[in-house]
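Quick notes on the structure that follows.
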Amino acid sequence: MPGEHAPASMVVLADANNFFASCETVFHPELAGKPVVVLSNNDGCVVARSNEAKQLGIINGTPWFMIREAAERDHVIARSSNYELYGSLSRRMMSVLSTFLPGQEVYSIDECFMRSPWDGERTRQICLAMRRTVLQGIGIPVSVGVAPTKTLAKITNHWAKRHERSHGVTLWHDLAQSDGGAGILASIPIEDIWGVGRRLAKRLRGIGIRQAAQLRDSDPVAMRRRFSVQLERTILELNGFPCIYDDDHAGGNTRNTELLCSRMFGEPVQGEDHIVQAVSVYAQYACRRLQRQHSLCTTVSAFCSSGNVHTGIPSAAHGSMTLPDPSDDPVIIAAAARTALHGSIIPSVRYARAGVLLTGLIDADAFHTLPTLGANSDPGLSSVLEQVNRRFGPMRVGIGCAAGIRGEGRASEEVGARWAMKRNMLSQRCTTRWEEMPVVHAN
DNA sequence: TCTGGGGTCCTAGGACCC
DNA sequence: TCTGGGGTCCTAGGACCC
């Protein structure tokens with residue numbers, strides 16, 4: 001496989017700055033220059049911050065309730081996470097980026113790898129133009145790192161974000177000779193390396209490896225034996241030998257191998273009825289994603305658990321069902337999820353979250369059966385659901401919604417059940433909902 | 001009172017087979 | 001008392017990522 005990749009080309013990593021916070025600013029320019037934080041579902045904890053919020057010392061992952069008072073004193077603006085908006089802006093951004101360089105591999109909602117077949121200077125000019133275009137056309141600032149390997153591109157990108165003079169674009173070549181020739185790796189702690197998490201960093205420090213340069217200079221074979229094959233790859237990548245590949249980025253559309261839909265409840269709930277409702281709804285969300293990627297699943301798992309240890313004895317229930325035939329039918333899959341949990345829910349427990357996991361995913365085209373031998377649901381019901389959802393929007397009707405869980409909220413696709421998520425500071429979904437489109441006034 | 005959600009890859013160990 | 005060698009497949013759990 002390595003042979004298939006052109007060795008001469010450089011890895012280009014484009015990564016949006018403070019992506020969620022930047023998205024909130026696109027349609028609310030008055031937020032620019034102000035401290036903005038974006039909160040996780042249920043407005044639980046901070047998941048993104050503008051530069052100004054970072055300067056106030058707000059750390060990612062901090063529970064909102066713990067810093068709320070201080071943040072409000074500092075005039076921090078908080079938003080519930082609006083994934084519909086972020087997803088939409090992400091698709092636009094990726095689309096623009098892909099017109100500048102080949103080999104795009106969308107790595108996450110806010111970053112993608114690309115390849116440049118050009119030399120350093122030409123690559124730099126292309127990346128500067130790419131950055132300007134995205135900023136002007138989408139309104140999102142991105143930083144770009146260019147390096148021989150993905151691991152080094154991550155480091156280079158990180159540097160570009162922090163140093164104004166780079167104008168958002170940095171080449172590994174520029175950094176390799178810094179610090180009097182020792183290179184920038186001598187000043188980077190190991191936990192800042194892509195692929196080295198907290199646990200591994202602790203173990204590495206235990207054997208005296210503290211900086212990236214020390215890891216780069218360690219023996220990859222010995223480290224593989226002692227730790228893992230991933231760490232060996234990281235070491236090789238730090239030395240400039242690419243060995244982390246994306247297997248199937250052809251078309252940029254990779255398929256998931258499993259799909260999970262899980263949520264914390266807005267408030268803990270008790271009793272099988274509520275859990276079954278939630279699990280039915282999550283199963284339908286998961287099915288939409290399954291159908292979108294044109295897959296069928298073979299196994300359906302469902303789980304629920306009580307949350308906070310302080311509010312009761314921790315308790316969890318889970319179960320799974322193998323389907324008689326691979327399916328993407330919400331009727332079948334929601335029923336399987338309910339069956340998987342049936343009997344294991346304890347009536348006295350207050351559950352805080354639940355979820356549905358679809359595994360054993362296969363390509364829908366790879367599975368054929370005669371219509372009469374297919375899965376034993378009423379085909380009419382599924383197709384009616386599909387047609388209604390297509391015409392009137394997702395989740396207007398659905399399974400498990402009969403028990404009065406359609407709420408009053410503005411969001412048509414959200415259920416109004418007691419257990420539904422809290423998102424009290426949600427911005428408008430300007431790019432995906434007609435009724436939430438921004439209005440511009442000209443004087 | 002209140003701490004997210006959705007993934008991937010790798011490894012070890014068990015079941016099973018010849 | 002002694003108890004092969006090698007392989008595959010599956011699953012659970014750890015670790016990491018954004």
Side-chain angles (χ1 to χ4, degrees), chain A residues 13 15-20 37-49 58-69 71 78-83 86-87 90 105-113 150-151 154 157-158 190-204 224-234 243-249 254-268 282 285-286 289-290 293 298-299 301 303 305-312 318 320 322 350 352-361 421-424:
Chain A
L13 172 61
D15 189 326
N17 301 354
N18 314 326
F19 183 59
F20 294 173
V37 297
V38 177
L39 306 177
S40 62
N41 281 341
N42 281 318
D43 298 336
C45 47
V46 175
V47 291
R49 306 151 294 159
I58 297 174
I59 309 288
N60 249 356
T62 312
W64 177 235
F65 77 89
M66 283 170 70
I67 58 165
R68 181 176 181 164
E69 270 187 37
R79 290 276 183 267
S80 306
S81 37
N82 185 345
Y83 288 105
Y86 311 152
S90 169
E105 176 197 329
V106 177
Y107 179 70
S108 72
I109 193 164
D110 72 333
E111 64 188 302
C112 68
F113 292 106
K150 288 183 176 174
T151 305
K154 278 273 188 185
N157 186 289
H158 199 64
I190 41 169
E191 56 267 29
D192 288 356
I193 301 170
W194 190 45
V196 179
R198 266 215 324 275
R199 297 285 188 98
L200 188 53
K202 192 175 166 198
R203 290 176 66 198
L204 287 170
R224 174 189 185 139
R225 268 200 297 273
R226 186 155 180 174
F227 293 91
S228 69
V229 64
Q230 286 116 310
L231 187 61
E232 181 192 31
R233 286 181 194 146
T234 298
C243 48
I244 298 176
Y245 302 105
D246 184 56
D247 285 352
D248 42 5
H249 61 33
T254 52
R255 264 203 191 107
N256 295 334
T257 60
E258 58 183 53
L259 282 174
L260 172 70
C261 180
S262 80
R263 297 275 187 282
M264 292 280 299
F265 299 140
E267 57 183 87
Y282 300 165
Y285 289 148
R289 285 154 55 196
L290 191 66
Q293 70 164 35
T298 55
T299 303
S301 310
F303 59 88
S305 58
S306 67
N308 198 324
V309 284
H310 303 297
T311 58
H318 71 273
S320 64
T322 300
R350 302 172 74 226
R353 80 177 301 128
V356 172
L357 176 67
L358 307 183
T359 52
L361 306 195
M421 287 191 295
K422 291 194 178 76
R423 294 201 287 176
N424 294 328

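Labels below follow one simple rule: chain letters A, B, ... track the order of the sequence lines, proteins then strands, and each chain is numbered from 1.
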Mapping A:Gly44 and A:Leu259 to their closest nucleotides on DNA chain B, which lands nearer the 5' end?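 The residue closer to the strand's 5' end, by nearest nucleotide, is A:Gly44.
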Starting from the 5' end of DNA chain B, give me the residue, A:Asn41 or A:Ser228, whose nearest nucleotide shows up first.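 It is A:Asn41 whose nearest nucleotide is closer to the 5' end.
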Within the structure shown, what part of the strands sits under 4.0 Å from [X] by heavy-atom distance: base, sugar-phosphate, or nothing?
X        : answer
A:Asp110 : sugar-phosphate
A:Lys154 : sugar-phosphate
A:Thr257 : sugar-phosphate
A:Ile109 : nothing
A:Trp194 : sugar-phosphate
A:Ile244 : nothing
A:Arg68  : nothing

Out of [options], which has the shortest distance to the side chain of [X]?
X        : options               : value
A:Arg199 : B:dT11, B:dT3, C:dA15 : C:dA15
A:Met66  : B:dC10, C:dC18, B:dT3 : B:dT3
A:Arg263 : C:dC18, C:dA15, B:dG6 : B:dG6
A:Glu258 : C:dC16, B:dG5, B:dT8  : B:dT8
A:Phe65  : C:dC18, B:dG4, B:dT3  : B:dT3
A:Cys261 : B:dG6, C:dC17, B:dT3  : B:dG6
A:Tyr83  : B:dG4, B:dT3, C:dA15  : B:dG4

Mind calculating the distance between CZ (A:Arg198) and P (C:dC18) to the nearest angstrom?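 Whole-Å distance recorded here is 14 Å.
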Within-4.5 Å side-chain heavy-atom neighbours: A:Ile67 and A:Val37: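 A side-chain contact is absent here, since even the closest heavy-atom pair is not under 4.5 Å.
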A:Thr322 side chain near A:Thr299 side chain, heavy-atom distance below 4.5 Å: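 The answer is yes; the side chains approach within 4.5 Å.
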Does [N] have OP1 or OP2 sitting under 4.0 Å from an N or O in the side chain of [X]?
X        : N      : value
A:Arg203 : C:dA15 : no
A:Asn256 : B:dT8  : yes
A:Ser262 : B:dG5  : no
A:Arg233 : B:dC9  : no

Would you compute the distance between atom OG1 of A:Thr257 and atom CD of A:Gln293 and round it to the nearest 0.5 angstrom?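 A:Thr257 atom OG1 to A:Gln293 atom CD measures 9.0 Å (nearest 0.5 Å).
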What distance do A:Leu357 atom CG and A:His318 atom NE2 have between them, rounded to the nearest 0.5 Å?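 Reported to 0.5 Å precision, the distance equals 11.0 Å.
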Counterpart residues, side chain to side chain donor-acceptor pair (under 3.5 Å), relative to A:Thr151 (two or more places apart):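 Checked A:Thr151 against side chain to side chain donor-acceptor pair (under 3.5 Å); matches are A:Glu237.
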Dot-bracket for DNA chain C, 5' to 3', counting Watson-Crick or G-U wobble pairs under 3.5 Å, with [ ] for crossing pairs and | for inter-strand pairs? ....||||||||||||||
When the C1' atoms of B:dC16 and C:dG4 are compared, how many Å lie between them, rounded to an integer?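 Taking atom C1' in both C:dG4 and B:dC16, they lie 16 Å apart.
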